[in-house]
Amino acid sequence: MNSQKTGLYVASIFFVIFAIGHLVRLLKQAQVTVGTLTIPMGVSWVALIIAAILCVWLWRLASRSGT
């Protein structure tokens, strides 16, 4: 088993879970408050896009790497 390939797949799965979490927050319009600061929805849009791009990128890297 290639540990680098496995690591890329695992990281990709973490990023897709992260992206799904932000998508759920956006769909449910859930407010997130840290202390007295309310996190704007725009932060979740940015995080969703970045996480999705990283997920696809890492998955493709893992798929291309040889066994």
Side-chain angles (χ1 to χ4, degrees):
M1 177 182 284
N2 186 342
S3 63
Q4 182 179 10
K5 186 175 185 175
T6 303
L8 289 170
Y9 279 127
V10 169
S12 180
I13 291 168
F14 277 117
F15 279 115
V16 79
I17 291 169
F18 186 70
I20 290 169
H22 282 286
L23 182 62
V24 169
R25 177 189 181 212
L26 289 166
L27 293 175
K28 292 188 175 253
Q29 293 293 307
Q31 292 297 321
V32 173
T33 304
V34 178
T36 59
L37 179 67
T38 300
I39 309 300
M41 290 293 175
V43 173
S44 278
W45 279 112
V46 172
L48 171 65
I49 292 166
I50 291 171
I53 289 169
L54 287 171
C55 172
V56 171
W57 180 40
L58 292 174
W59 194 270
R60 291 181 72 196
L61 279 173
S63 297
R64 284 189 219 154
S65 66
T67 47

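- Under a 3.5 Å cut-off, the side chain of S44 and the backbone N or O of H22 do not form any donor-acceptor pair.
- Under the 4.5 Å side-chain heavy-atom criterion for ILVMFWY residues, a single connected hydrophobic cluster contains both L54 and L8.
- By the criterion of side-chain heavy atoms lying less than 4.5 angstrom apart, applied directly or through intervening Ile, Leu, Val, Met, Phe, Trp or Tyr residues, W57 is grouped together with F15 in one hydrophobic cluster.
- Annotation: side chain of I39 is not in contact with side chain of T33 (no heavy-atom distance under 4.5 Å).
- Under a 3.5 Å cut-off, the side chain of S63 and the backbone N or O of W59 do form a donor-acceptor pair.
- When hydrophobic clusters are built by joining Ile, Leu, Val, Met, Phe, Trp and Tyr residues whose side-chain heavy atoms come closer than 4.5 Å, directly or via intermediates, V24 is grouped together with V16.
- Considering I49, V43, I50 in turn, I50 is the only one that fulfils the side chain to side chain contact (heavy atoms under 4.5 Å, CB included) rule with V46.
- The minimum heavy-atom distance between M41 and Q29, with the atom names listed, is CE-C, 3.4 Å.
- Closest approach of A51 to A19, counting heavy atoms only: CB-CB, 3.8 Å.
- Under the 4.5 Å side-chain contact rule for hydrophobic residues, L48 and I53 do not share a cluster.
- Proximity of V32 to T38: side-chain heavy atoms (C-beta onward) are nowhere separated by under 4.5 Å.
- Rounding to the nearest 0.5 Å places OH of Y9 at 10.0 Å from CG of L61.
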